[in-house]
There are 2 protein chains.
Amino acid sequence: MIDLEALRSLRAVAEEGSVVAAAAALGYTPSAVSQQVKRLERDTGLPMLERVGRGVVLSRAGAQLVEDGTRLLTDLESLESDLHRQAEQAAGHLRLGTFSTATRGLVAPALAALATSEPLLRVTVTELEPWDAIAHVATGRQDAAVVHAWGDVALDVPEHLERTVVMRERADLVVRPDHPFAGRESVTARDLLGVTWVATPEGTICRQWLSRMYDGTGARPRVAHVAGEFDSHLALVAAGLGVSLVPRLGRSDLAAVPGGPLVAVPVVEPVPTRTVSFVSRRSMAGSPAVTALREALSRG
Amino acid sequence: MIDLEALRSLRAVAEEGSVVAAAAALGYTPSAVSQQVKRLERDTGLPMLERVGRGVVLSRAGAQLVEDGTRLLTDLESLESDLHRQAEQAAGHLRLGTFSTATRGLVAPALAALATSEPLLRVTVTELEPWDAIAHVATGRQDAAVVHAWGDVALDVPEHLERTVVMRERADLVVRPDHPFAGRESVTARDLLGVTWVATPEGTICRQWLSRMYDGTGARPRVAHVAGEFDSHLALVAAGLGVSLVPRLGRSDLAAVPGGPLVAVPVVEPVPTRTVSFVSRRSMAGSPAVTALREALSRG
DNA sequence: ATTCGGTAGCATCGCTGCATGATCGATCTG
DNA sequence: CAGATCGATCATGCAGCGATGCTACCGAAT
């Protein structure tokens with residue numbers, strides 16, 4: 001592999017016109033520069049300098065190496081300065097894992113604001129289930145994640161990750177206007193024992209919470225339909241196929257759902273509360289970039 | 001300065017997921033890789049890896065260094081392969097010094113042909129008087145040159161340069177159609193003793209040859225007008241201000257000269273012959289690029 | 001012919017980077 | 001819960017390589 005240190009010496013020879021001048025410019029001895037050039041010639045197998053008169057002239061290969069390599073050297077320098085700048089500024093590239101409703105309801109507006117307040121910071125979003133997101137952050141495949149946990153469902157994050165609550169939100173029961181619950185101020189978990197559910201797939205956090213709501217009642221929720229996205233839930237509810245528990249975050253306008261308007265009824269006893277958290281590795285939690293991202297999401 | 005060898009190891013860690021795997025992939029011991037990463041951290045002052053569990057994860061700075069540095073590494077590899085390819089192929093960049101009439105009459109068409117036959121070869125042209133051109137080639141400021149020498153006027157090139165004749169051409173006497181010589185088959189140097197000349201500036205090779213033509217006659221050419229470019233000569237001749245000795249190479253169409261058509265009369269005894277040569281440093285005279293350029297010019 | 005400027009080559013020294021083996025910490029297993 | 005295993009790091013020894021300083025040599029200028 002070509003040694004960039006030696007390449008810099010060769011460039012100095014090209015610019016200064018002689019080995020001594022180059023050595024003086026770089027603070028080396030002429031012999032050192034000569035040996036570095038020799039090393040380049042050994043590494044590439046091509047001659048770099050040729051003696052002419054009592055001086056040297058760059059060979060064709062040498063001239064080309066300098067011409068092309070100069071760009072490399074400046075790239076390396078700018079890379080190095082970028083590295084230091086991004087350690088103190090909110091700049092660079094962050095990979096954020098999010099879950100679906102947060103993507104549209106929370107992350108998108110936050111990133112839009114961030115794009116103007118921190119123009120040097122680039123964030124790429126990947127949708128992931130919370131446990132996957134946490135695993136990705138833990139192993140470095142993501143830099144941070146937005147995760148959620150329903151009420152008391154524990155979300156255990158590894159020791160080297162840091163978690164801060166971004167917001168708390170709740171879910172409502174969504175029904176058709178002609179449903180018996182449509183006019184109610186609120187409904188309780190006990191009221192819901194007999195209803196037919198449109199639920200999220202087995203294994204999702206939302207599904208877990210639905211099951212947990214039935215704890216102590218001895219019953220299990222009757223799930224008739226399964227859909228991953230809440231917009232699909234709304235369509236199924238509008239079609240009269242069941243009711244759904246839909247979080248407010250990222251929820252579509254219920255009045256504009258195809259198939260007729262729907263209504264949301266607050267649920268109490270227990271209130272289905274969801275905690276949305278920001279997770280990042282503890283080591284970079286204090287970095288300006290991560291801090292800026294976390295605060296942008298907290299403001300949202 | 002960042003060591004690219006160490007950067008390659010860091011990239012391997014990022015790709016393989018662990019120090020041992022990276023070491024195995026690169027043929028090092030894990031300790032060596034660990035030490036290289038340590039060196040990167042020392043050079044940049046930023047942490048690159050952080051321990052998590054019994055493995056490692058790239059830090060923010062490390063991830064960024066890999067992301068940005070990968071481009072640098074591939075650039076370096078392509079630079080290296082370019083270097084070797086240009087040593088065996090006609091490719092890259094050559095700087096050619098030429099004199100004015102050759103630029104339009106010889107070099108331009110040759111380069112046009114070369115552009116299609118050797119698309120990887122880029123040639124930039126600079127107009128120079130022959131002696132300047134030779135000096136530039138000798139000192140490496142040009143890679144090759146097209147030079148000319150009139151008849152027996154010696155053109156001494158340094159030992160480390162190589163000179164090959166590209167073409168020989170001759171000059172004609174250019175006069176107005178109403179000039180006494182206009183109808184002649186040819187004229188001799190003796191015939192020209194009394195004429196009034198439009199000549200090139202003192203110090204040019206063309207001017208030297210004009211003087212040389214008078215050697216042995218005891219006379220000196222009567223130069224009334226001096227112009228650097230032969231198109232100006234033609235205008236002056238057309239205006240009836242004298243006659244001129246104009247080489248055929250790169251000569252404008254005499255019938256289309258503003259101020260009336262002109263005629264060319266061959267000169268004999270001696271025939272004003274000009275030798276056009278290609279000059280390059282001996283060390284790169286054999287390279288494919290220079291060979292291609294020389295042959296393109298020889299075909300012209 | 002001599003001097004001067006400049007590069008290449010050589011012997012020596014010092015540093016650095018790799019390998020080896022040991023240590024520490026964390027996970028997995030019986 | 002203890003032992004085993006795996007992975008990273010640390011300490012040490014060694015080898016190689018590059019810088020230094022000197023000398024030799026070459027070309028150009030005086």
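Letters A, B, ... are given to chains in the order of the sequence lines, protein chains preceding strands, and every chain is numbered from 1.
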Write down the distance between [atom1] ([X]) and [atom2] ([N]), rounded to a whole number of angstrom.
X	N	atom1	atom2	result
Tyr28(B)	dT16(C)	OH	C1'	14 Å
Arg54(B)	dG25(C)	CZ	P	15 Å
Leu40(B)	dT9(D)	CG	P	13 Å
Asp3(A)	dG16(D)	CG	C1'	15 Å
Arg51(B)	dC6(D)	CZ	C1'	11 Å
Glu41(A)	dG18(D)	CD	C1'	16 Å
Gln35(B)	dT9(D)	CD	C1'	9 Å
Leu49(B)	dG7(D)	CG	C1'	13 Å

Would you call [X] and [Y] a salt bridge, taking side-chain N to carboxylate O under 4.0 Å as the test?
X	Y	result
Arg60(A)	Asp143(B)	no
Asp75(A)	Arg71(A)	yes
Arg294(A)	Glu162(A)	yes
Arg95(B)	Glu67(A)	no

Would you say [N] has OP1 or OP2 under 4.0 Å from some side-chain N or O of [X]?
X	N	answer
Arg39(B)	dG17(C)	yes
Ser18(A)	dG6(C)	no
Gln36(A)	dA19(D)	yes
Arg42(B)	dT16(C)	no

Check your understanding: Does His160(A) reach the main-chain N or O of Ala138(A) with its side chain, forming a donor-acceptor pair under 3.5 Å?
Key -> yes
Revision key, fill the gap. Of the listed dT20(D), dA8(C), dA8(D), the closest approach to the Val56(A) side chain comes from dA8(C)
Review point. Is there a donor and acceptor pair, one atom on the side chain of Thr29(A) and one on the base of dG21(D), closer than 3.5 Å?
Key: no
Exercise for review: Go through the N and O atoms of the side chain of Ser31(B) and the base of dC10(D), and report whether any donor-acceptor pair is under 3.5 Å.
Suggested key: yes
